[in-house]
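Indexing begins at 1, ligand by ligand and atom by atom, following the structure's order. All heavy atoms count here, side chains included; hydrogens, waters and symmetry mates do not.
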Amino acid sequence: QDLLSQEAAAPEGASAAAVTSGQIAREVTRRRTFGIISHPDAGKTTLTEKLLLFSGAIQLAGTVKGRKSGRHATSDWMEIEKQRGISVASSVMQFEYRDHVVNLLDTPGHQDFSEDTYRVLTAVDSALMVIDAAKGVEEQTIKLLNVCRMRDTPILTFMNKMDRETRDPLELLDEVESVLKIECAPVTWPIGMGKTFRGVYHLLRDEILLFTPGSERADQEFEVIKGIDNPRLVEMFPLEIEQLKMEVELVHGASHPFDLDAFLAGRQTPVFFGSAINNFGVREILNALLDWAPAPRPRDATVRAVEPTEAPFSGFVFKIQANMDPAHRDRIAFLRVCSGRFERGMKVKHLRLNREVKVSSVVTFMASSREQVEEAYAGDIIGLPNHGNMQIGDSFSEGELLQFTGIPYFAPDFFRSVRIRNPLKIKQLHKGLQQLGEEGAVQVFKPVHGGDLVLGAVGVLQFEVVASRLMNEYGVDAVFEGTSISSARWVSCEDKKILADFEKSSAGGNLAHDAAGNLAYLATSGVNLRLTEERWPQVTFHSTREHA
Ligand code: G4P
């Protein structure tokens, strides 16, 4: 606000800097950067497609046929791209709606679920949780929500598939509250379900949105009836309306009213009911995202918090994707802009390498065109071609050196030990794993007391990717085998002597160093981990570690 009025007050020809800061503030205010979190099959792809429809990026959605057979190991978005022939640059999608710039980041929920999925959530300002209303809260949703909780990311909830027989809506809210430990504030309420799904009642606007199935187009307007007591409703659905009135009374009494501050603090989630495939309820979600979800927020760096409206450019790398274009064997580093204005060709400092780099070629992710965008602001994601000189967590800035924090590595859930068929390739194996580890493709643990290297991942597909990349990029034919390890925790201890005792104890046999040289405890079972934690109360066992 201040920046805007400053600009208005500045006389013509005033310093370019003042004008630029006004421009930056305006651009930041109109940006929304979010990710969709869901369990496989809840409807993320379908909803993504419908959101693209609103942006005008695609004209007609239509059910993507045969998606199942083709989606193994590829991102859903690539599938959409294939099916639609549109430019969905794999995992980031930018579109404009109602004079806002929306950046939608893909968080794979399928076989390609990986550490990326988690880290992408560190680059968003809000998240949309999609739940299959017939199934309720599922496992991967719980995992992803826990990651959002680390930064108190505001969450919107979409209860999908109301055109099917679903679970009782009140029970669904109850489950979200008890399992995910987040307060629910229903904003729309369903009228019936499955064959008798009539639409939703908007609790804040006292309006009924009538459902008609099979809406392929975004400009489809659903009929709105004002007021729950409107006599037309009784004529149309006498039975359902009585039921609705009872439920609304119950909901008003039993649930929380929407509270913007509680939402922004990540304590409460506004809940919408609808049917993505029928495009029903999608507009309400998009509007809520623009009206309620936060614009880019300040980001913590080691020295201070960085405001998105600061003029000097800054940002961090949260994901590295290899082989986006198999013909070029390229790697793209995904950078989230945190402040200032990015301009193609600008010079920025690469903090870790302590070097100035000129960013002349950059990939941007407009949904509606392939045109190169020349500028970006806080909240936007830009893709930097990477020739092995960028790692996850790297910070880039103009002027002041800023190292952003909060880009974590997560304790893996799956483990493999690695052997190679040809012992002469041991050097290549180590080099390959070192680089893939730095890239964040997999976590590599080297047991302190020797033995095979151990790989850790949060999704099993990571191992397949690593095996094929070792083969193709490093010429190493590696064999991955199951291990007795069930979980890993990074360890730290203020008291060096206790740590040394810990290393020398029997627990020391389970210690390993990760690719960055941090000490980790590889537990063989949940019981083993608990007992070790109990035996060594001064040692802290961390389930995440930040990029060093
Ligand atoms: P995902 O990305 O979260 O895995 O889910 P996706 O959108 O692929 O949806 C999973 C399945 O649920 C798809 O059916 C999709 O058509 C269906 N679906 C999505 N939204 C709705 C909805 O609102 N109502 C109903 N009834 N179904 C919905 P599929 O049979 O797996 O694939 P397809 O052959 O239909 O493409």
Within 45° of the axis and under 6.0 Å from the centre of the six-membered ring of Tyr409, does NZ or CZ of Arg545 qualify?
yes
Under 4.0 Å to a heavy atom of Asp41 - the qualifying atoms of ligand 1, by number
1 (P), 3 (O), 4 (O), 5 (O), 10 (C), 12 (O)
Side chain, backbone, both or neither: Thr48 near ligand 1, heavy atoms under 4.0 Å:
neither
Selection from Lys161, Glu49, His39 by shortest heavy-atom distance to atom 17 (C) of ligand 1
Lys161
Which atoms of ligand 1 have any heavy atom of Lys44 under 4.0 Å away?
1 (P), 2 (O), 3 (O), 5 (O), 7 (O)
Give the single entry among Thr45, Asp132, Thr166 that approaches atom 2 (O) of ligand 1 most closely by any heavy atom.
Thr45
Spatial distance of atom CZ (Arg297) from atom CG (Asp125) [nearest 0.5 Å]:
7.0 Å
Carboxylate-amine/guanidinium contact Glu183 Arg267, below 4.0 Å:
no
Interfacing atoms of ligand 1 (cut-off 4.0 Å, heavy-atom, Arg164):
25 (C), 26 (N), 27 (N)
Ligand 1 contact by Asn278, heavy-atom criterion under 4.0 angstrom:
no
Atoms in ligand 1 flagged as close to Ser275, the criterion being non-hydrogen separation under 4.0 Å:
22 (C), 23 (O), 24 (N)
Under 3.5 Å: N/O of Gly43 near N/O of ligand 1:
yes
Gly274 versus ligand 1: do any nitrogen or oxygen atoms come within less than 3.5 Å of each other?
no
Would you say ligand 1 has an N or O under 3.5 Å from any N or O of Leu47?
no
Are Arg283 and Phe222 in a cation-pi setup, meaning NZ or CZ lies under 6.0 angstrom from the ring centre and within 45 degrees of the ring axis?
no
Return the orientation label for the Phe280 and Phe211 ring planes: parallel under 30°, perpendicular over 60°, tilted otherwise.
perpendicular
